[in-house]
Amino acid sequence: MQIPAIGYGIRYEFGIFDQAIRDGWQVEITDKWLRYGNPWEIPRPEIAYPVGFGGQTHAVQDAAGRLRVTWTPESVVRGVAYDTPILGYGVNTVNLLRLWQAQATESFDFQAFNLGDYYGAVNEKIVSENITKVLYPNDEQLGGKQLRLQQQYFFASCSLRDLIRIFRQRALTLDQLADKFAIQLNDTHPSIAIAEMMRLLVDEYEMAWEPAWETTRRVFAYTNHTLMPEALETWSLELFRRMLPRHLEIIFEINRRFLDQVRAGWPGDEARVARMSLIDERGGRSVRMAHLACVGSYAVNGVAELHSDLLKREVLHDFYELEPDKFHNVTNGVTPRRFVVLSNPRLARLIERAIGPGWITDLDELRLLEPFAEDAGFRSEWREVKHAAKQDLAALVAARTSVAADPNSLFDVQAKRIHEYKRQHLNVLHIITQYLRLKDNPAAHITPRTYIFGGKAAPGYVMAKLIIKLVNAVAEVVNADADVGGRLRVAFMPDFNVMTAQQVYPAADLSEQISTAGKEASGTGNMKFSLNGALTIGTLDGANIEIRRAVGPENFFCFGLTAEEVADWKTRGYDPSSICRDNAELRRVLDRVADGTFSGGDTVLFRPLLDDLLHRDPFLVLADYAAYVACQEEVSRAYQDHEHWSRMSILNVSRMGRFSSDRSIRDYCRDIWHTQAVPIQV
Ligand SMILES: *Cc1c(COP(=O)(O)O)cnc(C)c1O
């Protein structure tokens, strides 16, 4: 896209854990990705910034009689830059991914050394370098994790100071910062940058509060990535004050002025003031980072139309009423370079032979494929490409699981993080349903299927780990049953990551996108599958809605409650046990899980999962069960007609152009950053 941009992040020593499966359970293994070095990065030891933590603040009068606050941190860590060049495709632009690594400061060692405390100094070095040791998965329960807040501030502070350094190479003053830069906050994780920008402008560059706030509010924009309430970050005041005393003062001042503005708009509405405050006063007081991100930004966006609507209607409704023009939608996209050209070269070659290479940089050109849906020869080649990808994946699955997947069966794939809202357990209930039907009638004619699961559970997420165990338990019984005779196979492929994903997406016939409506912000796996010729079975959630509209409802297997119906059921009082009472087949499926059929007679193992489904079922798995099973029957019937299935698959791909990351970036450029391509001539 030739956009001048820098991506900032943390150079973690350990990325997300590698997943192994032992006895059906997830085991986490440290990812030592730097073990053999990293040839793609360029260390930049000359680009480094000190970052303070803890200590005290002092208010003093300066020479001009103005109040100045100085912050004396208790400890200081250095952030050192490591650059990874990101090359544009077929253009001369090279963007920078600049990652910060924590390094103990020399002065720190030196002080301790002078006091004769050598081991103390070494220990301080270890403690400060811990900041960039390990990544917390974004669905891990963070409750008061001090190291996580340290990481966020460390990364935000280094990045802002780097940005200001680059800006000051021009003959401009800091109040012009927002004319030259936009800072896009990728979720609330870096939102402490808003308070840090105020501290830098007011305390270090001695700008008055009002112009500093004006500059801050003109430079930041915020992308919200989730509606799940537990993912909206809050930090206790106690932790905040201990680690970032000056930032807490600044947040209080931002809040005081902001709440005055709310009171002016809604006199006497103290309930609204309490809802919108940057400080949650209920229970232990805490800072609401999403509110800070909203108040400190000139633009707020969600990542799919439904998600952006729900932000305006629910999660950020008060903020929308205050500043409706600030809210936008930018539907996510995926890069066709990685997720088609690189990962599915056979498909890329077939498409290129039909319509040329223009689609690689202008994905809307896939439209030119539409007439080929009616070309029997092309459909046959299309099937051969899919078959070859299925053979490749079957080999990978066999190597990693000892499950033999038949490439002639329908590959039904659910690969994504394991989470209750994504409802891998709904998929499992359907597998058990099919299994029990086959046990009743082993001679029945069915569409042979291979169910492939992949995904990591957050290390602290007990229920997600139990769902992995359930998939493997069902796999063991179904795969070994002579009555099934290999017509159903179930495999849990360990260690789903971007590398394995590149082999999974091309091989799917059916893409499982079955989250509870209103819970999946966008999804991008849905796009990668569809762009690789899989048909989708999905709920009206996230970007599924837009994908279905684009490919046509006749080419999309849609089922289940809408977001509105989910909300209605919840307000009316949802009772999962009554659904069970009315559905004998569902009752039998749950009974077989309870009676130990899949756990060697163990009736305790899956009790937590069953109790949750029968008594709470917060993600309405049972409410959507019957519609899901019926929709899967439709899928099985449709797959029998290979020619028609191929037609639908080709039409899916030809209508997916909108879901290119290029279109997403174009939307950000036009609606939020107000920036343009800067071609680099050589
Ligand atoms: C695309 C991708 C995801 C996101 O998948 P969803 O189905 O949108 O949740 C997760 N993990 C990996 C490795 C991916 O490539």
Side-chain angles (χ1 to χ4, degrees), residues 15-19 26 28 31 33 135 137-140 186-187 223-228 231 302-307 330-344 389 393 396 400 411-427 451-458 461 464 467-468 471 492-508 510-532 534-548 556 619 656 659-661 664:
I16 187 152
F17 62 90
D18 292 332
Q19 179 194 58
Q26 168 174 294
E28 297 94 15
D31 165 31
W33 73 291
L135 168 73
N138 66 0
D139 50 359
E140 188 68 61
N186 189 15
D187 216 332
T223 304
N224 175 285
H225 285 274
T226 171
L227 295 159
M228 302 287 285
V303 289
E305 288 169 9
L306 173 68
H307 170 56
V330 179
T331 298
N332 275 160
V334 299
T335 166
R337 271 76 66 185
R338 177 181 293 272
F339 287 109
V340 184
V341 179
L342 177 66
S343 64
N344 199 346
L393 182 61
L396 184 71
R400 293 195 175 196
F411 275 24
D412 177 336
V413 186
Q414 188 169 19
K416 49 181 74 247
R417 294 298 296 270
I418 310 296
H419 209 294
E420 289 164 281
Y421 87 80
K422 292 177 183 279
R423 301 200 294 191
Q424 280 91 356
H425 43 344
L426 176 58
N427 189 341
Y451 294 91
I452 298 170
F453 290 82
K456 296 174 184 177
Y461 190 171
I467 290 173
I468 292 176
V471 172
F492 189 96
M493 206 194 66
D495 206 27
F496 182 67
N497 58 31
V498 177
M499 278 188 301
T500 52
Q502 287 178 202
Q503 298 196 65
V504 169
Y505 294 121
L510 186 67
S511 158
E512 297 274 352
Q513 307 299 336
I514 60 177
S515 52
T516 313
K519 299 294 178 198
E520 187 75 88
S522 162
T524 53
N526 47 7
M527 301 168 190
K528 297 176 223 167
F529 278 113
S530 185
L531 203 50
N532 281 278
L535 301 189
T536 305
I537 182 166
T539 48
L540 290 172
D541 198 16
N544 294 354
I545 296 172
E546 293 159 67
I547 292 173
R548 177 167 173 267
F556 187 107
F619 299 103
M656 281 296 291
F659 302 95
S660 170
S661 50
S664 298

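Side chains included, hydrogens not; waters and symmetry mates left out as well; all remaining heavy atoms used. Atoms within a ligand are numbered from 1 in the order they appear, just like the ligands themselves.
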Contact between Lys422 and ligand 1, counting heavy atoms under 4.0 Å?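 It does, in that a heavy atom of Lys422 comes within the 4.0 Å cut-off of ligand 1.
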Those atoms of ligand 1 less than 4.0 Å from some heavy atom in [X]:
| X | result |
| --- | --- |
| Gly523 | 8 (O) |
| Val498 | 13 (C) |
| Ala501 | 15 (O) |

If you measure every N/O of [X] against every N/O of ligand 1, is any gap under 3.5 Å?
| X | answer |
| --- | --- |
| Phe496 | no |
| Lys416 | yes |
| Thr524 | yes |

Ligand 1 versus Tyr505, non-hydrogen atoms closer than 4.0 Å: side chain, backbone, both, neither?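 Tyr505 to ligand 1: side-chain contact only, backbone stays beyond 4.0 Å.
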For ligand 1, note which part of Asn497 has a heavy atom under 4.0 Å away: side chain, backbone, both or neither.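 For Asn497, the contact with ligand 1 is made by the backbone alone.
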Of all the heavy-atom pairs spanning Phe17 and Asp495, show the shortest one and how long it is.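 For Phe17 and Asp495, the tightest heavy-atom pair comes out as O-OD1, 4.4 Å.
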So do [Y] and [X] actually touch side chain to side chain, heavy atoms under 4.5 Å?
| X | Y | result |
| --- | --- | --- |
| Thr516 | Asp541 | no |
| Gln513 | Phe529 | yes |
| Val334 | Leu531 | yes |
| Val471 | Gln414 | no |

Looking only at protein heavy atoms, which one is nearest to atom 5 (O) of ligand 1, and what is the separation?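 The protein heavy atom lying closest is Gly525 N, 3.7 Å.
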Give the residue, atom name and distance (to 0.1 Å) of the protein heavy atom nearest atom 15 (O) of ligand 1.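 Nearest protein contact, heavy atoms only, for atom 15 (O) of ligand 1 is Lys528 NZ, 2.6 Å.
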Any sub-3.5 Å donor-acceptor pair from [X]'s side-chain atoms to [Y]'s backbone N or O?
| X | Y | result |
| --- | --- | --- |
| Arg400 | Met493 | no |
| Asn332 | Thr524 | no |
| Gln424 | Ile467 | no |

